[in-house]
Amino acid sequence: MATMCRLLGVSSSGYYAWLYRPPSDRELSDEWLLSKIKAAHQASHETYDAPRILHDLREEGICVGRKRIAQAHAAGRYPGCFPAPGVQDHHQRPCGPAYRRSGGAQLHHPWPRPIVGGSAGPWPPTFAPSWCWVLSQMAPAQRRPENVICHTDHGSQYTSLAFGQRCREAGIRPSMGTVGDALDNAMCESFFATLECELLDRNKFHSHSEAKMAVFTFIEGWYNPTRRHSALDYLSPMNYERRYLQEA
């Protein structure tokens, strides 16, 4: 050891003093903070990045900076690239856009961004009319809207006569954006990217019912009530709406 200390240019007494010195207050604070950061990261199913963990800790009254959290290597989950599920039928004439920056193939309330309805099933064109009927029952039950707009892509299931007829029966106005334009469907696409990144590509499902229950649990048990959104001041959709109603 004396030879090593001499080669490194330190004294033997200084080395042994460092070796047996008790942890400093800063080291103890770092260790405690690291345990809090790991707990918050695990509570988010290992999806939260530094900004969201920062808000979690500050809600607990812990004063900490974003850079200090980032140094703990608490990385979130980020979406990759996924193929488009729809197949366009060029023989059908799509309807025009009725609402910009709306929801998509699920019922999406555009203001506080909760998912208020959804349906899962097979994906042939015959599925879309039944999906439309299911969501038409969910919308009045949860939000009681005066006007419901169903904004979709140009998939053949949405340009079919059966889907249009079901929309008319349910009092839903169909809407489609232009081809290759994602701006009018940005919120819905953002949700799908989150769902795929944080749930679907991290799990393997052995049956349709298992996948359906997992998606339901993700939306109702995590996404709506708890998951923080950067566009909502890092509050969940439910908490953001609750705060708005209290202030109003």
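These numbers were taken from a predicted model, which means no experiment stands behind them.
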**Report entry** From CA spacing to verdict: ring pair (Phe, Tyr, Trp, His ring centres under 6.0 Å), Tyr223, His229
**Finding:** CA-CA 9 Å; Tyr223 186 88; His229 292 249; 4.8 Å; yes

Query raised in the report: What's the verdict on side chain to side chain donor-acceptor pair (under 3.5 Å) for Gln165 and Glu169, showing C-alpha distance, side-chain angles and the deciding distance?
Result: CA-CA 6 Å; Gln165 178 63 29; Glu169 294 173 357; 3.2 Å; yes

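Looking only at side-chain heavy atoms (C-beta outward), Leu33 and Ile69 stay at 4.5 Å or farther from each other. Inter-residue side-chain proximity for Thr47 and Trp222 is flagged as met; some heavy-atom pair is nearer than 4.5 Å.
Phe216 belongs to a hydrophobic cluster with Met213, counting contacts under 4.5 Å between side-chain heavy atoms of Ile, Leu, Val, Met, Phe, Trp and Tyr, direct or through other members.
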Show the atom names and distances, to 0.1 Å, of all donor-acceptor pairs under 3.5 Å that link a side chain in residues 8-25 to residues at least two apart or in another chain.
residue	atom	partner	partner atom	Å
Ser11	OG	Ser13	OG	3.4
Ser11	OG	Gly14	N	3.0
Ser24	OG	Glu27	N	3.2

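Of all non-hydrogen atoms in Leu232 and Tyr240, the two that sit nearest each other are O-CD1, 3.3 Å. Pro51 and His55 get closest at one heavy-atom pair: O-ND1, 2.9 Å. Of all heavy-atom pairs between Leu199 and Ala214, the closest is CD2-O, 3.7 Å.
Put simply, Val64 and Trp32 are part of the same group of oily side chains (I, L, V, M, F, W, Y) that touch within less than 4.5 Å, one to the next.
In this structure, the side chain of Asn224 does not engage the main chain of Glu220 through any donor-acceptor pair within 3.5 Å. Side chain of His41 to main chain of Tyr48: a donor-acceptor pair is present (N/O by atom type, distance under 3.5 Å, no hydrogens or angles). Side-chain atoms of Arg202 come within 3.5 Å of backbone N or O of His45 as a donor-acceptor pair.
Remark: Lys212 NZ to Ser209 OG distance equals 9.0 Å, nearest 0.5 Å. The distance from atom OH of Tyr244 to atom CG of Leu235, rounded to the nearest 0.5 Å, is 15.0 Å. Here OG of Ser44 is found 9.0 Å from CZ of Arg227. Values are rounded to the nearest 0.5 Å. Rounded to the nearest 0.5 angstrom, Ile62 CD1 and Ile53 CD1 are separated by 11.5 Å.
Partners of Glu59 under the salt bridge (charged side-chain N to carboxylate O under 4.0 Å, His left out) rule, at least two apart in sequence or in another chain, are Arg228. Evaluation of the side chain to side chain contact (heavy atoms under 4.5 Å, CB included) rule for Thr3 yields Arg6, Leu7 as partners, not counting sequence neighbours. Asp233 pairs by the side chain to side chain donor-acceptor pair (under 3.5 Å) definition with Arg243, not counting sequence neighbours. Qualifying salt bridge (charged side-chain N to carboxylate O under 4.0 Å, His left out) partners for Asp30, counting only residues two or more places apart in sequence or in other chains: Arg26, Arg68. A search for side chain to side chain donor-acceptor pair (under 3.5 Å) contacts involving Arg58 returns nothing, not counting sequence neighbours. For Leu200, the side chain to side chain contact (heavy atoms under 4.5 Å, CB included) partners are Leu195, Glu196, Phe205, Val215, not counting sequence neighbours. For Pro225, the side chain to side chain contact (heavy atoms under 4.5 Å, CB included) partners at least two apart in sequence or on another chain are Met238. Here Glu60 pairs with Lys36 under the salt bridge (charged side-chain N to carboxylate O under 4.0 Å, His left out) rule; sequence neighbours left out.
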